[in-house]
Amino acid sequence: MRFYFNSFFEPSTQDNYLKPNKNCNLTSWFSGCEPGWACSIGQDQPVDLENSRNIPARTHNCHACCEGFFCPHGITCMIPCPLGSYCPLAKLNKTTGVCEPYHYQLPPRQPNLTCGGANIWADVGSSSEIFCSAGSYCPTTVQKNSCSSGNYCRMGSTSEKRCFKLTSCKANSTSQNIHAYGIMLIAALTTVLLIIYNCSDQVITTRERRLAKSRETAARSARETARAHQRWKAAKDAAKKHASGLQAHLSRTFSRKKYGKHPEQLKILNQDKSDMEDDLYPPSHSSTFSVSTSLPSSAPSKGKKKEPGDLMQVMHEIEYDPDGYEGINLEIADPNATGHMPKGEQMTTNTQIFKYAYAQIEKEKAMELANKNLTFSGVVKMATNSEIKRRPLIEISFKDLTLTLKAKNKHLLRGVTGIIKPGRITAVMGPSGAGKTTFLSALAGKPTGCRMTGLILINGKNQSIHSYKKIIGFVPQDDIVHGNLTVEENLWFSAHCRLSADLPKPDKVLIVERVIESLGLRTVRDCLVGTVEKRGISGGQRKRVNVGLEMVMEPSLLILDEPTSGLDSASSQLLLKALRREALEGVNICMVVHQPSYTLFKMFDDLVLLAKGGLIVYHGPARKVEEYFAGLGINVPERVNPPDHYIDILEGIVVPSASSGVNYKELPVRWMLHNGYPIPPDMLQFAAGLESPVNPAHESNLGDAGMEEQSFAGELWQDMKSHVELHKDKIRHNFLKSRDLSNRRTPGVFRQYKYFLGRVGKQRLREAKIQATDYLILLLAGACLGSLAKVNDQNFGAAGYTYTIIAVSLLCKIAALRSFSLDKLQYWRESASGISSLAYFLAKDTIDHFNTLIKPVLYLSMFYSFTNPRSSFTDNYIVLLCLIYCVTGIAYAMAIFFEPGPAQLWSVLLPVVLTLIATQANQSNTLKNIANLCYPKWALEAFVIANAERYYGVWLITRCGMLLKSGYNLHHWGLCISILILIGMVTRFLAFFGMITLKKK
């Protein structure tokens, strides 16, 4: 046997018989050397069956090969046929001279030779005549039975296999028809998916309905209570007025004494004014705070309240100079205070929480109404009100701030000096190209590709702005929100991840509800924001949601890039009123504004006016800007909006009057001279007529000449160098770590992971139609490939599995691209605000595992039922599961490293190219090493091995030949599965690394 099997690896010079041996060679040729014949050894001759090198001489008693044995051509021994074969005695066909059913002929001129048994056992392609035919089974090598009804018999079977129930198996069936099971599996899976989607959606809808009901009940109760308080206050005021009039009348009647006090200051029924005001609202346990006038160097004392004398000083300051009053400076006495929920009250139900929230909102509305327009009495009352929650203060001062573009050595900002104070709203205005957005990016610590000089101080200290990232909100110019979430869900997610982890739930509800109310989003709170394909809320409402995402995290510094662009006047005023309320809590607000109306302009506290080139023209109180420019001889015409007039002058559209003698290019220099700032050398020419004659800057001309004389190669090298530096800056910003000084402990990775799971789960439920389309395409692919690629016993279904790898890889990659391609902007915004990138990535991957588990079942329900391979459904499912896990990780990496268009193209090309490399025949060593890096090679090997294990007996030679030809090992199935999982894990790690490295600021 060993000699016979070794002959497959050592072919002889003749193809029709085995290599020359001791019995059959060129000098000796016995009758047993013929096909179908064998001889025996002598009676006393010893035989060593383990020795395949020394073959004993078998030259005696030569006769035809026995039934159930095969006798190869060129060897005199008789070998038993394997299980699963059928080796009867051959019959001579006198017409052709062939021994049938075998294909050997008897040698001529030897009439004493007759047909014997089989002459060969090899692969199914070379010796299919000895294989037990399909539709029959062979319990022994000399017995062949037809397959009975209700059973099926594959080729090379030794027994019948019972057909499953609900399948049709007639007599002599070669396989069972399991299409019914595929349909049942699809129906069951569809039912389960429908139940999951419908139940989940129903649970979410029911929960939201109950929350809405509790919220409406609480809001109605709070409004009724507020109206009752107003009626009670009106009744008290009426009674107070009547009592005061009566007392004054009695005083005039019985006494001639004149009272100097105002009647409203008298006590009514032995009740103090504070007692009467306490009747209106219950006492609030807010943090104590200090009040002082806002000076350039704000250093308020902590934990102390203003004495009456100090308060009178504030009042005298306001009376003396109402226009010069700089507002109030507020500071928290206890920086560790996390909320202002009344102590001792445990709120467990949603109704209690909403009642608390809406009661506070109605109280705040009443306070705003009382302090409307910030009149003299309103300012004093607001300054002495201890019920307004205060936040940690962030004051930003900058000196000689200059930003230069590295690539072109161009100034984006130049010599910018000033201060942005807490509790005030600062507007940044200027013509296009003045560097307004660049100025905000510099304040937020996000300039990339620029060289920055100058100084930025945080609360008077040279600290990094990133140390306060948790309490800084940045509203981008574009409305970057999740379109497949509702308004409330967008706001709640930002609140969950960015508010303090120790903040009680009632206070979180209060914060979110307050933002919804102040931004006028109550009517659309349950509406989807919408996307380009699916209409949602209006553009103005979307803009307000964009701002609300930062307001719900209660920032101390709020930077907004054109928040009023695209809004009408009413919406802009609504937004500014909401920001004004934030400023009352000590928030430092800085925003870029384009062409505000005069009403909107009057709502700003401070103004930063920039000219082209990033130069400051004015920085100070907004109410004094007209006074400053009037001093320069620039007066605003009647019926013209002041900011529009100034921007037109800076743009060069409007020329100042000749009497003023001012050129718009001189305005930055005049501001520098007005404040005593140093003037850059190349701008001294504009100051020549103002102070002393100077020569034009020669330095700038030299620089321009050097730029002109630069060669093409030099420009190309400079562009490449600047491009590399730009990417280095982005990577440095992404990995920049600063010490946290915000004193806010936000939720950790695991809690954020839970929040992300809930958000991504809702998004996938709302994308059920897209998921259903993916599933339907997989079903069609399985049916088509299953019907076209039948399992071939010679290659164990390798062709069908190859098509499976290409199709499944392509479809699953394209579907997985949506996980990270569609919301890159949202991720960049969230990660810049401090939300965990790891929690985001893990949540996306976890939700995608649902598809990883479901898609193999969907595909195999069609493919397996049509092909009906010998390998089990479980083995195919495990391989396909690991394959989808692998290609999903590759899709993540492509979605992150490439734009959507190129990523889709690579998803189509990569499976085809890698499969062609992995299945290439006659590979060189280099190509083999490359193929080992291709995932289709390991997936195909796992599929083939799982199928080849089911072939035994007469199939052994066929199996070994095919595995050796393909370079597969029967014991490497576990290794293939492990490599597929390893590739999936490595590509996920690369995708995550690329996500945190390549994210844009």
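Computed from a predicted model, the values in this text were never measured in an experiment.
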Could you go step by step and tell me if L485 and L528 meet the side-chain contact (heavy atoms from CB on, under 4.5 Å) rule?
-> CA-CA 5 Å; L485 294 177; L528 292 177; 5.5 Å; no

Step through it carefully: locate the ring centre of F493, locate the ring centre of F756, and say whether they are under 6.0 Å apart.
-> yes

Measure centre to centre between the rings of F841 and F820, then say whether the value is under 6.0 Å.
-> yes

Check [X] against [Y] and note the closest heavy-atom contact, atom names and distance.
X: L779; Y: I186; value: CD2-CD1, 3.7 Å
X: V545; Y: L491; value: O-CD2, 4.2 Å
X: K469; Y: A832; value: CD-O, 3.4 Å
X: G483; Y: T531; value: CA-CG2, 3.7 Å
X: A815; Y: D774; value: CB-OD2, 3.6 Å
X: L560; Y: L440; value: O-CD1, 3.3 Å

Drop me the distance from [X]'s [atom1] to [Y]'s [atom2], to the nearest 0.5 angstrom.
X: T802; Y: L916; atom1: OG1; atom2: CG; result: 9.5 Å
X: H496; Y: I835; atom1: NE2; atom2: CD1; result: 12.0 Å
X: N484; Y: L765; atom1: CG; atom2: CG; result: 11.0 Å
X: T867; Y: L788; atom1: OG1; atom2: CG; result: 12.0 Å
X: S872; Y: N947; atom1: OG; atom2: CG; result: 9.5 Å
X: L927; Y: C934; atom1: CG; atom2: SG; result: 8.5 Å

Could you go step by step and tell me if T804 and Y859 meet the side chain to side chain donor-acceptor pair (under 3.5 Å) rule?
-> CA-CA 9 Å; T804 293; Y859 181 83; 2.8 Å; yes

Is the side chain of [X] donor-acceptor paired with the backbone N or O of [Y] at a distance under 3.5 Å, no angle test?
X: N490; Y: H482; value: yes
X: S787; Y: C784; value: yes
X: D478; Y: I480; value: no
X: W938; Y: N932; value: yes
X: S494; Y: L549; value: yes
X: S865; Y: M862; value: yes
X: Q752; Y: P747; value: yes
X: H466; Y: G445; value: yes
X: R498; Y: T746; value: no
X: Q826; Y: V481; value: yes

Might you work through the side-chain contact (heavy atoms from CB on, under 4.5 Å) test for Y753 and T846, ending with a clear yes or no?
-> CA-CA 10 Å; Y753 170 72; T846 302; 2.8 Å; yes

Exceeds 12 heavy-atom contacts within 6.0 angstrom, atom [atom1] of [X]:
X: F850; atom1: CZ; answer: yes
X: Y803; atom1: OH; answer: no
X: N929; atom1: CG; answer: yes

Report the C-alpha distance between S809 and Y935 in whole Å, list the side-chain angles of each, state the deciding distance to 0.1 Å, and finish with yes or no for side chain to side chain donor-acceptor pair (under 3.5 Å).
-> CA-CA 10 Å; S809 299; Y935 73 89; 3.1 Å; yes

For the residue pair [X] and [Y], establish whether any side-chain heavy-atom pair is separated by less than 4.5 Å.
X: S837; Y: M995; result: yes
X: S819; Y: R764; result: yes
X: V908; Y: V912; result: no
X: L189; Y: I854; result: yes
X: S871; Y: F943; result: no
X: Y801; Y: P869; result: yes
X: D561; Y: V475; result: no
X: I878; Y: I977; result: yes

Assign the ring pair Y864 / F873 to parallel, tilted or perpendicular, where the plane angle (0 to 90°) is split at 30° and 60°.
->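 Answer is perpendicular, since the angle exceeds 60°.
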
Donor-acceptor side-chain pairing of S907 and Q904 below 3.5 angstrom |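 No - no donor-acceptor pair under 3.5 Å links their side chains.
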
Tell me which donor-acceptor pairs under 3.5 Å the side chains of residues 962-975 have, and how far apart each pair is, sequence neighbours excluded?
from	atom 1	to	atom 2	distance (Å)
S966	OG	M962	O	3.2
N969	OD1	H971	N	2.9
W973	NE1	A942	O	3.3

Lys/Arg N to Asp/Glu carboxylate O, [X] vs [Y], below 4.0 Å:
X: D479; Y: R544; answer: no
X: E830; Y: R759; answer: yes
X: R870; Y: D875; answer: no
X: K844; Y: D823; answer: yes

Is there a side chain to side chain donor-acceptor pair (under 3.5 Å) between Y775 and T190 once you walk through the steps?
-> CA-CA 10 Å; Y775 296 159; T190 303; over 6 Å; no

Under the salt bridge (Lys or Arg N to Asp or Glu O under 4.0 Å) rule, collect the residues that match up with E489, sequence neighbours excluded.
->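 So E489 forms a salt bridge (Lys or Arg N to Asp or Glu O under 4.0 Å) with K762, R766.
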
With a 3.5 Å cut-off and sequence neighbours excluded, list the donor-acceptor pairs that the side chains of residues 883-896 form with protein atoms.
from	atom 1	to	atom 2	distance (Å)
T888	OG1	I884	O	2.6
Y892	OH	D845	OD1	3.3
Y892	OH	D848	OD2	2.5

Given the rule in the side-chain contact (heavy atoms from CB on, under 4.5 Å) test, do C812 and K855 qualify, once you have shown the distances and angles that lead to the verdict?
-> CA-CA 9 Å; C812 292; K855 287 183 176 181; 3.9 Å; yes

I would like to know whether E949 and I945 meet side-chain contact (heavy atoms from CB on, under 4.5 Å); could you show each step before the answer?
-> CA-CA 6 Å; E949 286 180 339; I945 289 175; 4.1 Å; yes

